[in-house]
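Let me begin by presenting the structure, written as structure tokens, before commenting on it.
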Amino acid sequence: LAAEKGHAQARYNLGNSYLLGRGGFAIDVNRCVELWDQSAKQGYVDAQVGLAKMYELGSEDGPPMTIQVDPQLSFRWCLAAAQQEHVIAMVNTGFAYGTGRGVEQNDESAFKWYKEAAKKGDKNAQCNLGFCYEEGRGCEIDLVQAMFWYQKSAAQEFQNAMDAVERLNHNQLNE
């Protein structure tokens with residue numbers, strides 16, 4: 001009833017019921033996406049994240065898939081969630097900009113989103129930000145900043161960052 005009355009969270013939850021076939025509902029991916037879309041347009045961040053993932057991977061119920069992979073729609077919803085400071089969405093938005101998946105490739109925008117998520121403590125973003133500083137992607141090369149962010153990520157036991165710290169230390173010793 002709440003979903004019918006326009007409650008964003010209820011729409012999202014009802015969409016989940018259709019996606020998973022719970023609560024006496026048959027699985028209906030189209031109905032799920034319809035409800036999530038309504039919820040996402042109301043600004044409900046979990047629905048935005050759900051749609052971003054759905055359009056990134058497709059509905060995984062095929063072949064044929066009910067919902068096809070759509071990188072542009074995935075990016076649209078990921079960006080909407082990132083703008084609401086959803087940390088994982090911020091990292092994924094940075095990745096989309098960095099790789100050009102669903103949006104025109106833009107190193108400066110990738111750097112911006114990685115930095116925002118890194119400041120919130122995300123180990124993936126911290127490692128990616130370290131890489132940006134190391135390679136000069138979207139910023140000037142700054143090995144001190146690269147090491148700083150790699151170390152923050154490595155402190156969370158992120159293997160890529162631990163490898164980067166070791167590599168930078170080794171390179172500095174050899175110079």
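From a predicted model like this one, the values you see are computed outputs, not experimental measurements. What's counted below: heavy atoms across the whole structure, side chains too, no hydrogens, waters or symmetry copies.
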[atom1]-[atom2] distance between [X] and [Y], expressed to the nearest 0.5 angstrom:
X    : Y    : atom1 : atom2 : result
M147 : N169 : CE    : CG    : 4.0 Å
C127 : E134 : SG    : CD    : 9.5 Å
N171 : E166 : CG    : CD    : 10.5 Å
M54  : I67  : CE    : CD1   : 6.5 Å
F111 : L129 : CZ    : CG    : 5.0 Å
N13  : R22  : CG    : CZ    : 11.5 Å

For residues [X] and [Y], report the shortest heavy-atom separation together with the two atoms involved.
X    : Y    : result
A40  : A47  : N-CB, 3.6 Å
Y114 : C132 : CD1-SG, 3.9 Å
G98  : Q105 : O-NE2, 3.2 Å
A52  : W77  : N-CB, 3.8 Å
C78  : A89  : SG-O, 3.4 Å
A125 : A117 : CB-CB, 3.5 Å

Check the pair W113, L79 against side chain to side chain contact (heavy atoms under 4.5 Å, CB included), reporting the backbone distance first and the verdict last.
CA-CA 10 Å; W113 285 108; L79 178 62; 3.8 Å; yes
Taking [X] for its side chain and [Y] for its backbone only, find out whether a donor-acceptor pair lies under 3.5 Å.
X    : Y    : answer
E108 : G138 : no
S59  : T66  : yes
Q42  : G6   : yes

In terms of heavy-atom contacts, does CD1 of I88 have more than 12 from other residues, nucleotides or ligands at under 6.0 Å?
no
Please indicate whether E104 has more than 12 foreign heavy atoms, meaning atoms of other residues, nucleotides or ligands, lying under 6.0 Å from its CD.
no
Path from [X] to [Y] over hydrophobic side-chain contacts below 4.5 Å:
X   : Y    : value
L51 : V87  : no
L35 : L20  : no
F95 : Y133 : yes
L19 : I27  : yes

Passes side-chain hydrogen bond (donor to acceptor under 3.5 Å, both in side chains), D70 versus Q68? Steps please.
CA-CA 6 Å; D70 187 328; Q68 297 296 312; over 6 Å; no
Do Q48 and V45 have side chains that get closer than 4.5 Å, going by heavy atoms?
yes
Find out whether M162 and V165 are in side-chain contact, i.e. whether some heavy atom of one side chain is under 4.5 Å from a heavy atom of the other.
no
For residues 89-103, the salt bridge (Lys or Arg N to Asp or Glu O under 4.0 Å) pairs (sequence neighbours left out) are none
So H86 and V49, side chain to side chain contact (heavy atoms under 4.5 Å, CB included) or not? Walk me through it.
CA-CA 9 Å; H86 187 282; V49 170; 3.6 Å; yes
Does F75 have any ring pair (Phe, Tyr, Trp, His ring centres under 6.0 Å) partners at least two apart in sequence or in another chain, and if so, which?
Y97
Give the intermediate values and the outcome of side-chain hydrogen bond (donor to acceptor under 3.5 Å, both in side chains) for residues E34 and N30.
CA-CA 6 Å; E34 178 184 323; N30 285 321; over 6 Å; no
Hey, could you give me each pair passing ring pair (Phe, Tyr, Trp, His ring centres under 6.0 Å) that has a residue in residues 12-39? Not counting sequence neighbours.
Y12-W36, Y12-Y44, Y18-F25
Determine, using ring centers only, whether Y150 and F158 are less than 6.0 Å apart.
no
